[in-house]
Amino acid sequence: MGISKKAQSISPSPTMTIDAKYKAMRAAGEDVIGFAAGEPDFDTPDYIKAAAIEAINKGFTKYTPASGTPELKRAICDKLQRDNGLTYKPSDIVVSNGAKHSLVNIFVAICDPGDEIIIPAPYWVSYPEMVKIGDGVPVIMHTKEEDYFKFTVDDLRRMITPKTRGLIINSPSNPTGMVYSRQELADIAALAVEKNIYVISDEIYEKLVYDDVKHFSIASFGEEIKNLTIVVNGVSKSHAMTGWRIGYTASNAEIAKAMADIQSHATSNPNSIAQVAATAALNGNDEFVEMMRNEFLLRRNYMVERINSMSSISCKSPHGAFYVMMNVANLLGQEYYGKWLDYKKKAGL
Ligand code: PLP
C-alpha cells in the first residue's frame, strides 16, 4: 500500500543524521568533534532538577490541562512581560513538547493546503518540513552573506503573493547567528501589517546575544503586529533543558485555541514533571543563562578567529545563538585526501 504523498515529501533532519554519524564515529574511537546538533553542553541547573524531583515525590504525575498548567502559563506570561514587554493572558499561551512541536502546531493551525510560508535562507533545516506537515508550501527567500544574511522589506515585498499566509523570523538565527535590529523588525512589522500576513517569530535563542546587540520581539511593535505574530520560545536553549521537551507559543486567543485543540488530540499535555521544572526555570533569575552566554561568547571568539585564520574558509562573527556560518565556496571543486568536495559534481549538475 505504501505511505502517503505527504510522508514521502518529508526528508529526515540532516542535523540528526550528521549527529548520529558523529556519535557512531566517536563510539568507534575516532577523534572527532560534533558540530551538528544545537545543544548546550551544560547540565540543567540543580534548582530546576530539584523542582522536578519534588514534583515526582508529591505525585504530580497525572494528566494536566492539554495546553499546559496554569502555573507554567502564568510564569510564561510573566517572562514575556518582563523580558519582552509583551502582555499576554494565560489563555493566549500553549505549552508543547518542545518548540519543535509548537512550530508544527502553528502550521497545522494556520495553513490551508497551498498556503505559502516565506522562510528566509539560510534557515534551520526543520522549517520547510514543518510547513509541509501543516499542508503549507515553504517559499525560500534568499539572503546574502555580505548583508549579514538579512533580508530587507523590499526583498520581502517581492516574495509576497496572494497565497502568502506567513513569514518565519528566527532572530537570533540558527544557523547564521544574525540578529535583526529594532528598526529592521519595525519595518518588517509594518509590511506584515500592511499585507495582513502572520509572523512566526522563533525567539528560542533570545538570551544568547553578544557584543552590544539586543534582542527585540517583533510582537512588541504595536497591537496590530502583536495580533498577527505567533511568538515561539522554550527552555531548551536558555536553561540547558533540551531533553525535557518544553516549548511554548504566545499568540492571539483564536490561534491559541486552535493549537490547543489540535494538541489535545495529538499528544495531550506535555510531560507534567517537565512542566514543573520549566516553571521553576522561568521563575528563577538569569544567572545561569548569563554564565552560559559568557562561555558561548569565548567560544564564538575562538571559532571565528580560528576559521578566519585558515586560507580556504571564512565566516562573519555571529551576534547571537551558538552557530557559526562558514563560507566554504573556495573549497568547492577541490580535492581533499582524494575526495571531491564539489557538491555539484556529486549531485551530477
Ligand atoms: N527553533 C530553532 C531555531 C532551533 O534551532 C531549535 C532547536 O535546534 C528549536 C526551535 C527547537 O527547540 P526545542 O528543543 O524546544 O524543540
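Residue numbers count from 1 along this sequence. Whatever order the structure lists ligands and atoms in, that order sets their numbers, starting from 1. Please read these numbers as outputs of a predicted model, since none were measured by experiment.
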Between [Y] and [X], do the side chains contain a donor N or O and an acceptor N or O under 3.5 Å apart?
{"X": "Glu203", "Y": "Ser201", "answer": "yes"}
{"X": "Gln183", "Y": "Asp187", "answer": "yes"}
{"X": "Ser220", "Y": "Ser217", "answer": "no"}

Exercise. Where on Ala99 is there a heavy atom closer than 4.0 Å to ligand 1, on the side chain, on the backbone, on both, or on neither?
Worked result: both
Problem set entry | Proximity to ligand 1 by part of Tyr127, non-hydrogen separation under 4.0 Å | side chain
For this session: Among all protein heavy atoms, pick the one closest to atom 2 (C) of ligand 1 and tell me residue, atom and distance.
Result: Asp202 OD2, 3.4 Å
Exercise. Nearest protein heavy-atom contact for atom 7 (C) of ligand 1: which residue, which atom, what distance?
Worked result: Lys237 NZ, 2.8 Å
Exercise. Any nitrogen or oxygen of Gly247, main chain or side chain, under 3.5 Å from a nitrogen or oxygen of ligand 1?
Worked result: no
Exercise. Which atoms of ligand 1 are found less than 4.0 Å from any heavy atom of Asn170?
Worked result: 3 (C)
For this session: Just jot down the ligand 1 atoms closer than 4.0 angstrom to any heavy atom of Arg245, in number order.
Result: 13 (P), 14 (O), 16 (O)
For this session: Describe, in one word, how the ring planes of Phe42 and Phe288 are oriented to each other, choosing from parallel (under 30°), tilted (30 to 60°) and perpendicular (over 60°).
Result: perpendicular
Exercise. Would you call Asp154-Arg158 a salt bridge at under 4.0 Å N-O?
Worked result: no
Problem set entry | Crowding at CZ, Arg82 (>12 non-hydrogen neighbours, <6.0 Å) | yes
